[in-house]
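Side chains included, hydrogens not; waters and symmetry mates left out as well; all remaining heavy atoms used. Lettering follows sequence order; numbering is per chain, from 1.
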Protein chains: 2
Amino acid sequence: MKNSAPGALQQLIDALRVLPGVGPKSAQRIAYHLLQHDRPGAQRLGDALLGSIATVQHCERCNNFTEQPVCETCLDPERDTSLLCVVETPADQVMVEQTMTYRGQYFVLMGKLSPLDGVGPREIHLDRLLRRVVDPAFGGVSEVILATNFTNEGEATAHYIGEMLKARGVKVSRLARGVPAGGELEYVDAGTIARAVLDRRAV
Amino acid sequence: MKNSAPGALQQLIDALRVLPGVGPKSAQRIAYHLLQHDRPGAQRLGDALLGSIATVQHCERCNNFTEQPVCETCLDPERDTSLLCVVETPADQVMVEQTMTYRGQYFVLMGKLSPLDGVGPREIHLDRLLRRVVDPAFGGVSEVILATNFTNEGEATAHYIGEMLKARGVKVSRLARGVPAGGELEYVDAGTIARAVLDRRAV
Ligand SMILES: [Zn+2]
Ligand SMILES: [Zn+2]
């Protein structure tokens, strides 16, 4: 039987499967919707995808997304370079920033330890975090604040990093449990996170 | 406060909102996922979006998506040009094709009448359907088979088109309703069985 879908349309349907949670049926529905009702939006999305792939890389210092070799946050001369806050994702960094209680620098893991999913210390590049902390070329870090989520995996990640850094004589603290157990930072109000920063404890 | 998200990343997050059901949080998560874990997939999707916008248009005869002025189905010399099957979407046409019982031509509404959503006869271009049926330039159509869905809106659409075409003296039929193939009466709703009794055929 001849497939009546034209090549470019089928390619679009197939390509949409890259989106999390999009199966064949919804890929087809999205493709029809875009081509039928929102070609300008599809154009913007296509441009943004190709543009971001071409320009967005990881910051050499903090590992966050950036369009420059080193991001604006890392280059900000008003930030305290002796404090380094470790977060799981860029969204978590934004949440900590919004508390207005922290003016140090960041390291973004872009993930968390998750042995069941095959994500170990190497996969989240903890060697780069270690170098960031101990290499004098990055400026001396006197304290590392672990701000991973208070989920099982976030706690395990904080524990692992804490042990790794303490073995090198680095002072390490963890956000206080103002954050509800099991809570993800992204969904916690800024006031709670602010309290947790102030109450951070040495680990 | 400075937004730490770089321009191209924020543009991607904003552009992802064009997808149905994607809010700000999930747009952010999808953007991070693609940039972190699936740049080849993001590249394919970007290429496919721009490629399909540039090439996919509507067939002059049947209104389905095509990369040519007239689609392959409409140009197929083995099809019976005297039969025209009206469906709501390209996916519905594929379903009818898969039955292997129909070898006529199609008209794809790319929608259905939905007065509550402001979709009237003009919005689904019923004038084009009418021209397709009555204009001799398209070859004579002797029967139009209405294969819109058996939903309230699909039924209303079929009814409206049926009246429109019968007023022009065109022979119109509707897909039979009845018990699905393989269906056990015990699990079919009473309304379907009632219709199947009314539409019973001699054997
Ligand atoms: Zn940085
Ligand atoms: Zn066609």
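Contact count versus chain A (heavy atoms, under 4.5 Å) is highest, among Ala31(B), Gly41(B), Cys71(B), for Gly41(B). Most heavy-atom pairs under 4.5 Å with chain A, from the set His37(B), His33(B), Arg44(B), Gln28(B): that is Gln28(B). By number of non-hydrogen pairs under 4.5 angstrom with chain A, the leading residue of Leu19(B), Thr89(B), Val22(B) is Leu19(B).
Glu67(A) places a side-chain N or O within donor-acceptor distance of the main-chain N or O of Ala8(B), the cut-off being under 3.5 Å.
Other residues, nucleotides and ligands place no more than 12 heavy atoms under 6.0 Å from the CG atom of Asn152(A). Annotation for Phe138(B): atom CZ counts as buried by contact number, over 12 foreign heavy atoms lying within 6.0 Å. Within 6.0 Å of NZ in Lys25(B) there are more than 12 heavy atoms belonging to other residues, nucleotides or ligands.
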- Val56(B) and Arg39(A): side chain to side chain contact (heavy atoms under 4.5 Å, CB included), yes or no, with the steps? CA-CA 11 Å; Val56(B) 175; Arg39(A) 285 177 179 238; 4.3 Å; yes
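Within the 4.5 Å cutoff, no side-chain heavy atoms of Tyr32(A) are placed close to those of Met110(B). With a 4.5 Å cut-off on side-chain heavy atoms, Gln43(A) and Leu49(B) do not count as touching.
Residue contact with chain A, scored on non-hydrogen atoms closer than 4.5 Å, involves the side chain of Arg29(B) exclusively. For a residue to count as touching a neighbouring chain, one of its non-hydrogen atoms must lie under 4.5 Å from one of that chain's; by this rule Gln57(B) touches chain A with backbone and side chain alike. The contact between Asp47(B) and chain A is made by backbone and side chain atoms together, counting heavy-atom distances below 4.5 Å.
Results of the side chain to side chain contact (heavy atoms under 4.5 Å, CB included) test with Ser52(B) over Leu9(A), Leu35(A), Leu34(A) single out Leu35(A) as the only residue that passes.
Val18(B) and Ala42(A) make their closest contact through CG2-N, 4.4 Å (heavy atoms, listed as atom of the first residue, atom of the second, distance). For the residue pair Ile30(B) and Pro20(A), the shortest heavy atom distance occurs at CG1-CG, 3.9 Å.
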